[in-house]
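Heads up: the structure comes next, in structure tokens.
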Amino acid sequence: MNNRVKRITFIGVISAVAVILSYIEMLLPPIYSAVPGIKVGLPNIVIIVLLYKYGAGSAAAASFIRLIIMALLFNPSTFIYSLAGAALSLTVMALLKKTDKFSTVGVSVAGGVMHNLGQILVAMLLLETAEIGYYMFILAISGTLAGVFIGIAGAFLTERLKKY
Amino acid sequence: MSKRRNDIILTAVLLLAAVAGLLLFKTLSRQGDFAVVLINGEETARFPLDTDTEFVIETDGGVNTLVIADGKAYIKEANCPDGICVDHTPISRIGETITCLPHGVVVTVKSEKASDTGLDMVA
């Protein structure tokens, strides 16, 4: 098949799966309600697959499509936070992947923590409140642990999808 | 193999830094005196934590009902889409914060002295 068509199709399918994973995650009860923002980050599993298969540009495209669709379907008011988190997370993941010093697990751990950091930074900026920065300590712990899980899952999936 | 080692180092460093920061915050932060309500970064109200009260925070986005009881502040009700602020556990230590992103509302605990945040957040 034409490579370009294949890539575009792949981005489309991954975007759709990412939206579904976001939705599933939305339905799950909060893990630790004292601190908002703790989540596993399920969509990142497929974003990582895309990052490894077709590179940062394709991963960014799917990530952006997911954010837009989630904002339109459910909650546009937090779009800017999600966007900041996703952008910072993807940038750092792409850079770490480029160094070739980490496996998917390391890449996704950094991605998880950076996603939280991006959101907190925008929240501090928009709400002009530095105090919420203390959330970052807890989010860094949860983001790291979630990143380990997502990295392992992402590596499995990347391996399985290699032949397609 | 060395990739796995790098993964483990990265994970361990992040976890240690986060746990250390959290412990530092927990030990340095003290009980606060006021619950301060900020809307889009601007202080609109403050309530002493030792007086039980209920206050409806009205914003362009909707309403959040703030309750002060037993020296702690929490959000009882809100009409925001996610309800994260309502799920939040009550706060009483300096610097602890409840946030409602959809409404741009922040409730944070402060002490008598305006400049005393309990912990220098920049450090």
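Proteins come first, then strands; the chains are lettered A, B, ... in the order of their sequence lines, and each starts at number 1.
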### Query
Quick one: what part of A:S103 sits under 4.5 Å from any heavy atom of chain B, side chain, backbone, both or neither?
both

### In one Ile/Leu/Val/Met/Phe/Trp/Tyr side-chain cluster, 4.5 Å: A:L95, A:V105
no

## Note on the structure
Cut-off 4.5 Å, heavy atoms of chain B, and the answer for A:F74 is neither

### Flag, side chain of A:E25 to backbone of A:L42, donor-acceptor distance under 3.5 Å
yes

#### Entry: Side chain, backbone, both or neither of B:V106 within contact of chain A (heavy atoms, under 4.5 Å)
side chain

#### Entry: residues 50-59 of chain B: residues contacting chain A (heavy atom under 4.5 Å, by number)
none

### Query
Can you tell me if B:D7 uses its side chain to pair, donor with acceptor, with the backbone of A:G106 under 3.5 Å?
yes

### Query
Shared ILVMFWY cluster between A:L121 and A:Y135, side chains joined below 4.5 angstrom?
yes

### Query
ring-ring contact (aromatic ring centres under 6.0 Å, His included): which pairs involve residues 93-112 of chain A, sequence neighbours left out?
none

### Message
I need the residue from A:L96, A:T78, A:D100 with the largest number of non-hydrogen atom pairs under 4.5 Å to chain B.
### Response
A:D100

### Engaged part of B:P81 at the chain A interface, taking heavy atoms whose separation is under 4.5 Å
side chain

### Summary
dist A:H115:NE2 -> A:S108:OG (nearest 0.5 Å) comes out at 12.5 Å

#### Entry: Part of B:I9 lying under 4.5 Å from any heavy atom of chain A
neither

### Query
Among B:I8, B:L15, B:N40, which has the most heavy-atom pairs under 4.5 Å with chain A?
B:L15

### Message
Other residues, nucleotides and ligands only: do more than 12 of their heavy atoms fall within 6.0 Å of CZ on A:F149?
### Response
no

### Task
Let me know if B:L22 has heavy atoms under 4.5 Å from chain A in its side chain, its backbone, both or neither.
both

#### Entry: Which atoms of A:L139 approach chain B - backbone, side chain, both or neither, heavy atom under 4.5 Å
neither

### Query
So which part of A:V113 gets closer than 4.5 Å to some heavy atom of chain B, the side chain, the backbone, both or neither?
side chain

### CG (B:D70) with more than 12 external heavy atoms under 6.0 Å
no

### Query
If you round to the nearest 0.5 Å, how far is CD1 of A:I14 from NZ of A:K53?
9.0 Å

### Task
Working to the nearest 0.5 Å, report the span between CE of A:M26 and CG of A:L21.
13.0 Å

### Query
Are B:I39 and B:F47 connected in a single hydrophobic cluster, I mean Ile/Leu/Val/Met/Phe/Trp/Tyr linked by side-chain heavy atoms less than 4.5 Å apart?
yes

